[in-house]
Amino acid sequence: MHYGANAYAKVARVALSPREAEAAVLLKAAGRLQSLGTEVAPGPALNEALVFNQRVWTILASAATEPGSPLPIEVRNGMAQISAYVFQTILETMIEPTAQKIESLVTLNNHIAAGLQGDPGPGVQG
């Protein structure tokens, strides 16, 4: 049965559009951070979740801000600013972890993922 689940996961990864894949990895990072719970304590679980989130954002920021990116300059600049915030928050969380910092990263990941999936959010009309 395990083989079938792995085969399905591989097909799902291939079938995702780039936006869907980006949204999925952001949601995965958010899930890892959420799994820490409300009592955030220094240790391997926190470090692994933060490092994974950092890797995700490094890839997203690099792709969005590279000179050949097809994104409008406003979007590229916005991604650069959001990425800087994420990296700063990750660093601050590694130094002094709090549930509020984790929640900030989770919320941001979820909102960006929703946008990538075509959901503009509450109160936004398309």
Side-chain angles (χ1 to χ4, degrees):
M1 185 70 173
H2 187 66
Y3 173 76
N6 285 340
Y8 180 77
K10 286 181 183 178
V11 169
R13 281 194 300 266
V14 172
L16 294 178
S17 73
R19 287 176 68 116
E20 291 169 331
E22 290 168 347
V25 77
L26 280 165
L27 292 173
K28 182 176 181 176
R32 284 187 174 190
L33 291 166
Q34 277 184 310
S35 72
L36 298 170
T38 57
E39 298 298 319
V40 181
L46 173 66
N47 289 340
E48 289 171 15
L50 290 171
V51 167
F52 182 78
N53 199 56
Q54 183 178 23
R55 287 180 182 149
V56 168
W57 275 94
T58 298
I59 292 167
L60 292 175
S62 297
T65 60
E66 69 182 9
S69 173
L71 296 172
I73 191 71
E74 297 84 15
V75 174
R76 291 166 48 182
N77 289 342
M79 277 301 291
Q81 291 173 342
I82 292 170
S83 298
Y85 169 80
V86 168
F87 297 140
Q88 182 65 34
T89 304
I90 289 170
L91 181 62
E92 290 173 2
T93 306
M94 287 178 170
I95 295 168
E96 187 178 338
T98 66
Q100 292 80 14
K101 292 173 189 170
I102 296 294
E103 185 58 32
S104 175
L105 293 170
V106 168
T107 299
L108 185 58
N109 284 6
N110 287 335
H111 283 299
I112 298 294
L116 288 167
Q117 294 171 327
D119 179 1
V124 179
Q125 297 181 9

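Along the sequence shown, the residues carry numbers beginning at 1.
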* Shared ILVMFWY cluster between Leu71 and Leu116, side chains joined below 4.5 angstrom? ->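 No, Leu71 does not connect to Leu116 through the hydrophobic network.
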
* Cluster link Ile59 to Val75, ILVMFWY, side chain under 4.5 Å ->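 Not linked; separate clusters.
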
Nearest heavy atoms of [X] and [Y], plus distance in Å:
{"X": "Gln117", "Y": "Ala23", "result": "CG-CB, 3.6 Å"}
{"X": "Gln54", "Y": "Phe87", "result": "O-CE2, 3.8 Å"}
{"X": "Ser62", "Y": "Thr58", "result": "OG-O, 2.8 Å"}
{"X": "Leu36", "Y": "Ala49", "result": "CD1-CB, 4.2 Å"}
{"X": "Lys101", "Y": "Thr89", "result": "O-CG2, 3.9 Å"}
{"X": "Ala63", "Y": "Glu66", "result": "O-CG, 3.6 Å"}

* Which distance, rounded to the nearest 0.5 Å, do you find between the CD1 of Ile102 and the CD1 of Ile90? ->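 If we round to the nearest 0.5 Å, Ile102:CD1 and Ile90:CD1 are 9.0 Å apart.
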
* Between Val86 and Leu105, is a side-chain contact (heavy atoms from CB on, under 4.5 Å) present by the stated rule, with each step listed? -> CA-CA 7 Å; Val86 168; Leu105 293 170; 4.1 Å; yes

* To do: Please step through side-chain contact (heavy atoms from CB on, under 4.5 Å) for the pair Asn53 and Arg32, ending with a clear verdict.
  => CA-CA 9 Å; Asn53 199 56; Arg32 284 187 174 190; over 6 Å; no

* Asked: Thr65 side chain to Ala61 main-chain N or O, any donor-acceptor pair under 3.5 Å?
  ->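 A pair under 3.5 Å: yes.
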
* Asked: Are side-chain N/O atoms of Ser104 and Gln100 paired as donor and acceptor at under 3.5 Å?
  ->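 Side-chain D/A pair, Ser104 to Gln100: absent.
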
* To do: Give a yes or no on this: more than 12 heavy atoms of other residues, nucleotides or ligands lie within 6.0 Å of atom CD of Glu96.
  =>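 No, not enclosed.
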
* Can you tell which of Leu26, Val56, Leu27 makes a side-chain contact (heavy atoms from CB on, under 4.5 Å) with Asn109? ->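 Only one of Leu26, Val56, Leu27 forms a side-chain contact (heavy atoms from CB on, under 4.5 Å) with Asn109, namely Leu26.
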
* To do: Could you walk me through whether Trp57 and Ile112 pass side-chain contact (heavy atoms from CB on, under 4.5 Å), step by step?
  => CA-CA 11 Å; Trp57 275 94; Ile112 298 294; 4.0 Å; yes

* **Intermediate values then yes/no, side-chain contact (heavy atoms from CB on, under 4.5 Å), Leu91 and Leu50** => CA-CA 9 Å; Leu91 181 62; Leu50 290 171; over 6 Å; no

